[in-house]
Amino acid sequence: MNPAQSACTTLKTLREQSPLVHNMTNIVVANTTANALLALGASPAMVDGPEEAPELASVAGALVVNVGTVTPAQAQAMKLAVKAAQQAGTPWVLDPVAVGALSFRTKLAVELLESKPTVIRGNASEIMALAGQGGGGKGVDSTDSSEAAFDSAKELSQRTGAVVVVSGAVDYITDGSRVALVENGDAMMPYVTGLGCTATALTGATLAVNDDPFLAATHAMLFLGITGELAAKDTKGPGSLQLDIINGLYQLSDEQIKTTARVKINEASV
């Protein structure tokens, strides 16, 4: 099955099952990511308290952990939740927002790696910093290209066992041996706050319905890239693009995926 066709299968299953996706995310993007998950067909829950997070993580279809505006209390809840997810066999995604640039969250992200994330998704600077090969970007913004971070992504994947996704003009996805390049998207997308976080949330949804984390992550990046590319053709600017992307996720069709997807998958690393 080619990547576009398998992405259609994932989308169909997601919409049929409407998996529960537990989000521990930052205050900047919580509303946007919840709406994106709903639009695609998933069922979001935004729970980050230490009293409830472990319980939900153990029964959810997937857990999303995003350290974008983390507090000490949330950090403790994240540690408890990922341990519960690991014990329950719940797939989970780590988004290391601004890791490398800020020490508290960098230490936290390194600790969270011990609970074996299924997928790690970040921009180039974040992935390089988490791999110990860079100092981080400019706040939450990357100062490196996704291509420059590929070797770090491969090393991080082989060391942790996680699929690693590097977002950028071209998205790189690797499980240490297979490599996918997703070329969909639009130059306006970086001007919309939280689309990287949205990609992470959508990865949680695809993980919940696809047993292959590499394909699940690739499909999530395809869904957002295709939707953003199509939405940008008629939008007036970043403000309306955000809403148009959510609408586009709701309207995403097999035909759009098959005719628009630009993805390459290699069985050996490039």
Side-chain angles (χ1 to χ4, degrees), residues 21-40 42 44-48 64-71 74 78 93-102 104-106 108-109 119-130 136-146 149 165-171 182 184-206 217 220-252:
V21 182
H22 176 188
N23 294 266
M24 305 182 74
T25 194
N26 71 72
I27 60 173
V28 179
V29 304
N31 184 69
T32 299
T33 54
N35 282 330
L37 285 166
L38 283 169
L40 194 64
M46 322 305 280
V47 175
D48 62 3
V64 175
V65 175
N66 177 310
V67 301
T69 55
V70 67
T71 65
Q74 290 169 330
M78 288 174 178
V93 192
L94 174 63
D95 191 331
V97 179
V99 161
L102 296 166
F104 177 74
R105 68 185 61 196
T106 300
L108 171 62
V119 176
I120 302 166
R121 192 225 59 87
N123 66 37
S125 295
E126 291 161 351
I127 295 300
M128 292 172 73
L130 194 58
K138 184 175 65 176
V140 300
D141 296 323
S142 180
T143 54
D144 300 283
S145 70
S146 53
V165 180
V166 187
S167 297
V170 176
D171 303 316
V182 175
N184 292 100
D186 187 86
M188 197 188 303
M189 292 174 72
Y191 294 94
V192 178
T193 297
L195 284 188
C197 302
T198 301
T200 302
L202 297 184
T203 301
T206 56
M221 301 311 295
L222 265 177
F223 295 158
L224 184 61
I226 289 170
T227 302
E229 185 173 314
L230 294 175
K233 291 181 179 180
D234 299 315
T235 200
K236 294 181 179 180
S240 57
L241 179 60
Q242 183 179 57
L243 297 178
D244 289 340
I245 285 174
I246 292 173
N247 291 337
L249 289 169
Y250 180 76
Q251 298 163 354
L252 185 63

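This structure is a prediction, so every number in the text was calculated from the model and none was measured.
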* Side-chain touch D234/D244, heavy atoms, less than 4.5 angstrom -> no
* **Minimum heavy-atom distance between V65 and M78, given as atom pair plus value** => CG1-SD, 3.7 Å
* Give the minimum heavy-atom separation between V165 and A217, together with the two atoms involved. => CG2-CB, 3.8 Å
* Could you give the distance from OG (S240) to CE (M188), rounded to the nearest 0.5 Å? -> 7.5 Å
* Name of the residue among D95, D48, N66 meeting side chain to side chain donor-acceptor pair (under 3.5 Å) with N26 -> N66
* To do: Have a look at T200 and tell me which of L94, V64, N23 forms a side chain to side chain contact (heavy atoms under 4.5 Å, CB included) with it.
  => V64
* Qualifying residues under side chain to side chain contact (heavy atoms under 4.5 Å, CB included), relative to L102, sequence neighbours excluded -> A98, R105
* Asked: Looking only at heavy atoms, what is the nearest atom pair of L108 and V67, with distance?
  -> CD2-CG1, 3.9 Å
* With a 4.5 Å heavy-atom cut-off, do I245 and L224 have their side chains touching? -> yes
* Does F104 CZ have over 12 foreign heavy atoms under 6.0 Å away? -> yes
* Asked: Between T69 and I27, is there a donor-acceptor pair closer than 3.5 Å when you use the side chain of the first and the backbone of the second?
  -> yes
* **Partners meeting side chain to side chain contact (heavy atoms under 4.5 Å, CB included) with A220 (sequence neighbours left out)** => L202, T203, T206
* Between L40, V182, T198, which is the residue that forms a side chain to side chain contact (heavy atoms under 4.5 Å, CB included) with F223? -> L40
* Asked: Can you name the nearest heavy-atom pair linking A199 to R121, along with the distance?
  -> CB-CD, 3.7 Å
* Can you name the closest pair of heavy atoms from G228 and L241 and give their distance? -> O-CD1, 4.2 Å
* **Close side-chain approach of N184 to L222, heavy-atom, < 4.5 Å** => yes
* Asked: For G122 and P96, which heavy atoms make the closest approach, and how far apart are they?
  -> CA-CD, 4.3 Å
* Structure fact -> The complete set of side-chain hydrogen bond (donor to acceptor under 3.5 Å, both in side chains) pairs with one or both residues in residues 29-40, sequence neighbours excluded, reads T32-Q242
* **Backbone N/O of G100 and side chain of T106: donor-acceptor pair under 3.5 Å** => yes
